[in-house]
Amino acid sequence: MSSHVSIAIIGAGMAGLSCARVLAAGGVQVRLFDKGRGPGGRLSTRRAQTPLGELRFDHGAQFFTARSDRFRQLVRQLETGGHVARWNPRWAPGHEDGAERWTGTPGMNQVIKALSDGLNVSWSQQVSAIERRADGRLSAITATGDQLGAFDAVLVAVPAEQAGALLRPLAPTLADEADAARSAPCQAVMALFDPPVAAAFDAWRGDDPVLQLAVRETGRPGRGGPDRWVLHATADWSRAHLEEPPEVVAEGMIAAFRDLTGAPLPLWSAAHRWRYARVEAPASAGSGSPAGWNGAVRIGCCGDWRIGGRIEAAFLSGEALGQAVLAEFAPVS
Ligand SMILES: Cc1cc2nc3c(=O)[nH]c(=O)nc-3n(C[C@H](O)[C@H](O)[C@H](O)COP(=O)(O)OP(=O)(O)OC[C@H]3O[C@@H](n4cnc5c(N)ncnc54)[C@H](O)[C@@H]3O)c2cc1C
């Protein structure tokens with residue numbers, strides 16, 4: 001493959017990075033642009049200023065499973081590098097299902113940090129449009145109208161609801177596929193307890209009208225410090241409270257957590273709204289393809305929303321797109 005082929009990827013989450021790694025290994029020059037201030041996406045780790053100093057919370061995805069050979073291979077590499085570890089929490093009684101779970105160490109965003117290593121990623125770079133230049137090549141355009149280079153292809157690796165608008169002008173069929181996917185929101189609360197929560201478990205999930213998951217941050221590999229928890233609300237509760245002020249969200253979710261665990265009032269808490277958290281209806285139900293690629297206009301898309309709401313799905317979608325793009329460019333190299 002000619003190293004003169006130059007490709008931009010919008011979004012440096014698991015999908016964008018997985019795609020970039022396939023392309024880079026195939027000899028393509030890849031640039032990634034991500035609006036986040038640093039590595040994370042939905043595998044974020046928040047540094048919060050609390051009365052007990054700066055503390056870290058994984059407020060997005062808490063863990064992942066690995067089922068396919070390809071993803072298991074990546075997880076093994078990440079484990080060898082010290083970037084992930086098995087997570088065997090003490091589940092609340094009746095909640096253990098025997099699944100093999102993994103988490104980033106010391107935080108979930110370490111997975112994204114490790115995967116972006118060696119790649120050309122520009123953070124704090126929000127792309128608002130893809131345009132065709134007069135010379136036929138493509139450019140990513142920022143909200144302030146800046147052109148972020150000239151590329152042979154542009155790939156969109158952002159949540160479906162944000163992908164649609166980027167794809168629509170030049171690749172309307174891919175935009176239709178993105179619009180067909182649907183994500184559920186998730187309200188998340190980070191809470192610090194002093195005195196600690198007396199519960200004899202580090203993870204809870206179950207049947208509750210408010211909460212779907214509660215995880216003790218300090219019960220996870222590579223984490224220490226004061227007792228802190230991350231709470232995730234159910235999709236229904238999150239939807240019903242999507243536009244509520246964060247303090248109101250935190251109050252409702254902490255009340256539910258205290259009912260479940262007998263926890264004291266937290267010393268500090270904060271809420272974070274994930275507007276597009278987990279895929280409820282993937283696009284592949286309609287398109288049948290783990291990634292979208294239009295060779296005529298040289299625009300593609302990938303993300304968990306092509307397959308299903310899991311980190312592994314984002315990885316597999318990114319790889320599939322990378323391979324489709326390599327196949328397109330190989331004959332002309
Ligand atoms: C609360 C929560 C809990 C979850 N729990 C689990 C779980 O237990 N297990 C599991 O497997 N998965 C879980 N997930 C889902 C998992 O996090 C996602 O499936 C996966 O991270 C998706 O990766 P992605 O690369 O497709 O998207 P993302 O991680 O969202 O990456 C997209 C990237 O694009 C960037 N971006 C967006 N728009 C633009 C733009 N216009 N310009 C530039 N950059 C842009 C974003 O900053 C982001 O970094 C959870 C997610 C959340 C939010």
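For this chain, numbers begin at 1 and follow the sequence in order. Computed from heavy atoms alone, side chains included, the values below leave out hydrogens, waters and symmetry copies.
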Shortest non-hydrogen contact from Ala181 to Pro282? CB-C, 4.2 Å
Note: Val249 and Ala271 closest approach over all heavy atoms is CG1-CB, 4.1 Å
Verify the neighbour count for atom CD of Glu251: are there more than 12 heavy atoms of other residues, nucleotides or ligands below 6.0 Å? no
salt_bridge(Arg21, Glu319) N-O dist < 4.0 Å: no
Working to the nearest 0.5 angstrom, can you tell me the gap between Leu148 CG and Ile141 CD1? 7.0 Å
In terms of hydrophobic clustering (I, L, V, M, F, W, Y; side-chain heavy atoms under 4.5 Å; direct or indirect links), are Ile307 and Tyr276 co-clustered? no
Run the salt-bridge test on Arg168 and Asp176 with the 4.0 Å N-O cut-off and return the result as yes or no. yes
Separation of Leu260 CG from Phe201 CZ (nearest 0.5 Å): 7.0 Å
Which heavy-atom pair separates Trp102 from Glu100 by the least distance, and what is that distance? NE1-OE2, 3.1 Å
Check whether Phe151 forms a cation-pi arrangement with Arg31 (NZ or CZ under 6.0 Å from the six-membered ring centre, at most 45° off the ring normal). no
Determine whether the side chains of Arg70 and Gln73 contain a donor N or O and an acceptor N or O closer than 3.5 Å. yes
Is there side-chain contact between Leu43 and Asn109, with at least one heavy-atom pair below 4.5 Å? no
Can you find a pair of side-chain heavy atoms, one from Leu23 and one from Leu326, that are under 4.5 Å apart? yes
Closest heavy-atom pair and its distance - Arg216, Asp227: NH1-OD1, 2.8 Å
Establish, from distance only, whether the side-chain atoms of Gln212 and His232 form a donor-acceptor pair under 3.5 Å. no
Any side-chain heavy atom of Gln49 within less than 4.5 Å of one from Trp268? no
Ala191 and Pro266 have their tightest heavy-atom pair at CB-CB, 4.2 Å
Spatial distance of atom CG (Leu316) from atom CD1 (Ile311) [nearest 0.5 Å]: 12.0 Å
Heavy-atom side-chain proximity of Asp208 to Thr234 below 4.5 angstrom: no
I'd like to check Gln77 versus Leu74 (side-chain heavy atoms, cut-off strictly below 4.5 Å). Are they in contact? yes
Does Glu54 come within less than 4.0 Å of Arg46, counting only side-chain N to carboxylate O? no
Looking at side-chain heavy atoms only, is the closest gap between Thr105 and Arg223 below 4.5 Å? yes
Is any NZ, NE, NH1 or NH2 atom of the basic residue among Arg273 and Glu243 found under 4.0 Å from an Asp or Glu carboxylate oxygen of the other? yes
All heavy atoms of Gly11 vs all of Val158, minimum pair found to be CA-CG1, 4.1 Å
Look at atom CG of Asp97 and say whether more than 12 heavy atoms of other residues, nucleotides or ligands are closer to it than 6.0 Å. yes
Close side-chain approach of Leu17 and Ser116, heavy atoms under 4.5 Å: yes
Is any side-chain heavy atom of Gln62 closer than 4.5 Å to a side-chain heavy atom of Thr103? no
Please determine whether residues Ile299 and Val127 belong to a single hydrophobic cluster, defined as Ile, Leu, Val, Met, Phe, Trp and Tyr linked transitively by side-chain heavy-atom distances below 4.5 Å. yes
Only residue of Glu217, His272, Arg228, Arg56 satisfying side-chain contact (heavy atoms from CB on, under 4.5 Å) with Met190 is His272
Of Val210, Val215, Leu211, the residue whose pairing with Leu231 passes side-chain contact (heavy atoms from CB on, under 4.5 Å): Leu211
Taking the ring of Phe315 and the ring of Phe64, is the distance between their centroids below 6.0 Å? no
Between Arg137 and Asp135, is the closest basic N to carboxylate O distance under 4.0 Å? no
